[in-house]
Structure formats: C-alpha cells, structure tokens
Amino acid sequence: MTLAAFIERSKREKEGWRYTDLEALLASKKTVIPAKAGIPLGSAAENSSARLLFKNGVFQPKLSTFGSVPSCILMGDLASGYSLTLGEKTCLVSQPIELVFETDQESSEEIPLKFSIDIGDNGRLTLLENYRPTPIPVTVDMDVTLRPRAKLVHGKIAAGGPHLALHKVRAQTGCYYSNFSLLRGSAPARHELDVALEGEESQTSLNGIMLLRGHDHADITARVAHKAPRCTSRQNYRSVLDDASRGVFQGKIAVSPGAQKTDSYQLSRALLLSDKAEMDAKPELEIYADDVKCSHGSSIGDLDENAMFYLRSRGLNEKEAQAVLVEGFISEMLDALQPNEWREIFRREIEAWHDL
Amino acid sequence: MLEIHNLHASIAGKEILKGIDLTVPAGQVHAIMGPNGSGKSTLSYVLSGREGYTVTEGSIEWNGEELLGMSPEQRAAAGVFLAMQYPVEIPGVSNMTFLKASLNAVRKARGESELDAMQMLKLLRAKAKAIGLSEDMLKRAVNVGFSGGEKKRNEILQMAVLEPTLCILDETDSGLDIDALKIIADGVNAMRSPKRTMLIITHYQRLLDYIAPDAVHVLAYGKIRKSGGPELAKELEQKGYIEFSGEAA
Ligand SMILES: Nc1ncnc2c1ncn2[C@@H]1O[C@H](COP(=O)(O)OP(=O)(O)OP(=O)(O)O)[C@@H](O)[C@H]1O
Ligand SMILES: [Mg+2]
C-alpha cells in the first residue's frame, strides 16, 4: 500500500481514523526526526543469527548476515513485495530473524514495503522488524498466514519518522501469534493489527509501548476477531506522552456467533508527563456469542507527585526522577517480553528515547 | 549547623508554621515532639523542599547556606535527608534501582565518581544486612507491599547508603516492634558524628532511650513552645500537651 493508498483508506474508513487525521498530520511536518538513532547500528541485536538489511526498502543480501538461516528465506523485491515462507515443521526460534530498515537522505519520497509471511503447519518463527529513524515515510503492508499449529513471535521497533503499517494476521487452528511493538516518536505513526483467529484454540497476545513527545502523534489500532471457539486473546498497551504529543489506542474485540468459550482481555494505560499531552483510548467490544469471557480496561494518569518528591529528595533531578517513574510504568511489559534477548534491545531503545 | 529563624509556612491558604525558631549545632541530635497536627511533618517537608508549601517569612540556614529557594535535589546534594513518616510506594521500580540512582545522583552532585555495578552491589548488600533487610527486599519494588516496619527500615537503609549530613527522621519509630526499634536506633547511633546533625520527630520517649538526644523541643500549634534536655521528653510522657493548649488560638 502506497502512502496515497493509506491516505485514501483513512478517508474512506472515517470511523477507524477518527483521532488520526493522516493527511493533515503528514502535511504538518511539525515533528523533529531525531538525527541520531540513539543506538549505534550493528549493535541492536548481535544475538540474532539472521540480520537482513534493507536500504531504502531494497533488500541487501550482501550486507546481510544469515547465520544458519537459508539465504533463500526471503524472496521478491521492493516493487512486487517480499515474501517469507516457512515450510512445515520448520523452526526458526533459536535463530530469530531481524529485518533492519535504513534509509539515506537522497532516497525517494516514500518507501512502500509489502510483505507476505506464510508459516506452514507446525512451523515456528521469531521475527523482529527494526525501523531506524528516518524523515522518509515508510508504509508497511504485511500479510501473515499461520497454518495449523504455527507460531509467530513478532516484534517491531519504529524508532522515529512517519510510519504507517497494517499487519493482517490470519491464524488457523491451534496457532500462536504474539506482537510486541515499540513506537518511539513519529510524525505520525499508525500501527495497525488485524488479527483473525479463524481456527479453534488459537492464541494471540498483542503488546506495545508508545513513547511520545514534542508534536508526535502515534496511533495503535488493534483488532482481534474471534471467529472460532476456544480462542484466547490478550491486548496490553502502555503509552507515555510528554509535551504536546498525542496518543491513540483503539482496541477492538469482535466475537462471531459460534465462537464460544472465547477468552479475551484488553488493557491500555497511559501516563501523561505534560498538561498539553493527550491520549484517546477507545475500547470496542462486539460480541455475538453468549459463552465468552471478555474484559477490558483503560486508564490515563499523571506522574505521582509523591513519588516525584520522594525521588528528588533522594537527589535525582526532575528529568532523572521522571525517567525512573516512566521505567517503572512500563517495566512489567518488558519483564514479560519474550524472547529474553529482545528485552535488552527494547530497553536500549527506551533508554535512547530518554536521552534524545 | 541548622538555623531556622521565624519560619512561617502555609498550605492551601492555611498557616501551619507560625514562626519557628530552632538551632541545632553540628554533631547534635535534637528531638521534636508535639501533638498530632501541630506541624511537625510540615516542618520536615519545608526543610526538604517539597512543593505545595508557601513560605511567607523566615529563613532556613544549613551550614551558612540558605535552603529556601533550593530544589529538593539541590538540598539532597547539600546533605539534607528526610526519612518520611509515610514512605511512598513506587510500583515497577526495584529498591535496588532506586538506591543506585539515588546514590549515583548524590555522588555526582558531590563531585564523586559513580560506583560501578559490583561496588554498588557490595555496598547495598552490606548496608541492607546491617539494617536487617533481606536481599530479597532489595529486588522488590520500592515499598510496594512492605509492612509498616519494613518501610521504616527501608528509609534508614537509604539514609545509611546516602550518608547525608542533615538527617530528619519523621516518626521513624512508629509501627516498629521492639527489636526493629533497637536495630534502627543502632543504625542511627552508628551515624552520629561531629559533622552530622539530626532532627528526630517522635511521639514516644521510648526511642529517645536508645538515641539519647542533646535537646528536646515541643512543637505545638505551629511554634516551638518549649525546649529542654532529655528530661523534657519524660515529663511530656506523663503530662501530655495540655499545658500548651492555651496557644490554640
Ligand atoms: N495539603 C493540605 N491541605 C490542608 N491542610 C493540610 C495539608 N497538609 C497538611 N495539612 C494540615 O496541616 C496541619 C499539620 O500537619 P502535619 O502533618 O505537619 O502534622 P504533624 O505534626 O506531623 O502531625 P502527626 O503527629 O499526626 O504526624 C494539620 O492540621 C493538617 O491537617
Ligand atoms: Mg507528622
């Protein structure tokens, strides 16, 4: 999907874009894209055995490391889209794949990425998308197919710059799909997940953190469709908003008739560091089955003044005290993050945000 | 030396401190006693720079330096430490992280180098052990789910780690069992030094049996109404604060 197609879509699907006026946001150019990534490239994930590099959206096999992963794992090109296919019972868990996206200044107006991921019966994949900061708009159109009992552990870092992504996931019987995404500043960012649990006993766990300041605007829209019985879904999001930034969380749980014994849960919590920051959280439940367990919650709060004083009376300045409280606010998310080696990667991205 | 002159402070438009005069020489330990609501915690907050209080008159000099106008962290750097009556819970932040961040901040402000991870761990373990807190308590979130007594011990642990020169203890003894009281008193006594000044707010003579004060002051209705030696605490224990109630207006 190109940028124009995204804008077109946002106009057509007004309700789903109520808090994010994409065209106006793209035109405003108010957000400053951090010049430094905060983290020297090449260090982000030494542990990944496969690190596939994309420059301006073009896959660079020669600059990539594959480890024990076959180099034919990724096919296609920028124009026709990339595909990543995992055969039956293929397991790439101990060799996670990291896709790193970099741009240079002279490149085009936009980078339209298309991915199609297909994981065969009983296949296992751990995949991290890592978008380095860039002023060039990046669009991501990703289709994921999980065949019976397939498992995808999916992570994403959008480290800054216009980022528009639609991840569509279709899970067949007994699948597992997890997503952990970090949006760190943006102008604007839309991270959209559309997960359809089409087969029985599938599970999904969608998690994320937004860190925003200045005039950043980030929107996380997560939809889970329970279409078969005995599926489980979890949504857990934390947003930290400073200055005049704005965050949006739209979480939808739709349970089809017949999707009995659905177990579904959603939580969004936001921490506002400034009076001018704004968070819009919209949970949406659409339930057409009667034997289901669905719960949701959302909270928006300020920094705890008592805790701020406590920390400052122990010598931390305002900025340091705030960073400690922000860390505390998101720590339970990081503690639960799998695989373990991602924890350090995400933690460093978060630290870098404090230092920017 | 701590010198408080004619300190007036109000909160939400209500005057709580109505002209406090108090001098505590370096190396001395002074106790402050007084009825509930008389302004003891207010005084401790105003000394440590908490926002929300309006100081309308007076001065607080610490070793010749005016504290009013300094931020809480500047005061911490100048050696001020408040062991709070109600220690704050900070979910998600481990006690270890909190102590490390505090010590490094204070060391930086004093122009000392930061400690590396190993040095820090050794120091924190030793200090926690001395105060009777298990290593497990260092890993838990700051004060979250701590019992009343554990919270108070945690305050003293922070004091022992940060080594401040002006220690203000606001009812650190409340809620402590007899053994804990002794441990805390030992911790405090170990820190007595000619360079360190301590202000101990308490309701009970019992603590002062362990930590012998150089002087005792009665803070009632926003002012120091009476000062004396350790015997004053014993007298108050018997007579209460009736004799000061005439000052209520
Ligand atoms: N935020 C506030 N708004 C209004 N009044 C307040 C506020 N904080 C404190 N006060 C009032 O100030 C007075 C002094 O309170 P303070 O906590 O200093 O008393 P204290 O001497 O420490 O009492 P205690 O022995 O019970 O701890 C009390 O009457 C209290 O209600
Ligand atoms: Mg009090």
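To find a chain, count down the sequence lines: A is the first, B the second, and so on, and within it residues start at 1. Not measured: the values here are computed from a predicted model.
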Expected output: side-chain B/Glu155 to main-chain B/Met84 donor-acceptor under 3.5 Å: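 The answer is yes, because a donor-acceptor pair under 3.5 Å joins these two groups.
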
Of B/Phe81, B/Tyr45, B/Phe98, the residue whose pairing with A/Tyr310 passes ring-ring contact (aromatic ring centres under 6.0 Å, His included):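 The single option meeting the ring-ring contact (aromatic ring centres under 6.0 Å, His included) with A/Tyr310 is B/Phe98.
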
Does any heavy atom of chain A fall under 4.5 Å from the side chain of [X], the backbone, both, or neither of them?
{"X": "B/Ala101", "value": "both"}
{"X": "B/Tyr86", "value": "neither"}
{"X": "B/Arg75", "value": "neither"}

Evaluation steps, salt bridge (charged side-chain N to carboxylate O under 4.0 Å, His left out), between A/Arg246 and A/Asp219: CA-CA 8 Å; A/Arg246 189 162 174 199; A/Asp219 174 331; over 6 Å; no

Modelled atom types, side-chain donor and acceptor of B/Ser38 and B/Asn36, under 3.5 Å: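 No - no donor-acceptor pair under 3.5 Å links their side chains.
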
Side-chain H-bond candidate by donor/acceptor type, A/Asn179 with A/Ser181, under 3.5 Å: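 Looking only at side-chain atoms, A/Ser181 and A/Asn179 do form a donor-acceptor pair, the distance falling under 3.5 Å.
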
Atom group of A/Glu332 that falls short of 4.5 Å from chain B, counting heavy atoms: neither

Sort out for me which of [options] touches chain A most, counting heavy-atom pairs under 4.5 Å.
{"options": "B/Arg107, B/Glu89, B/Gln158, B/Gln74", "value": "B/Gln158"}
{"options": "B/Gly92, B/Pro164, B/Ser94", "value": "B/Gly92"}
{"options": "B/Leu162, B/Val106, B/Leu82, B/Asn104", "value": "B/Leu82"}

Ring geometry between B/His217 and B/His30 (parallel below 30°, tilted from 30 to 60°, perpendicular above 60°): tilted

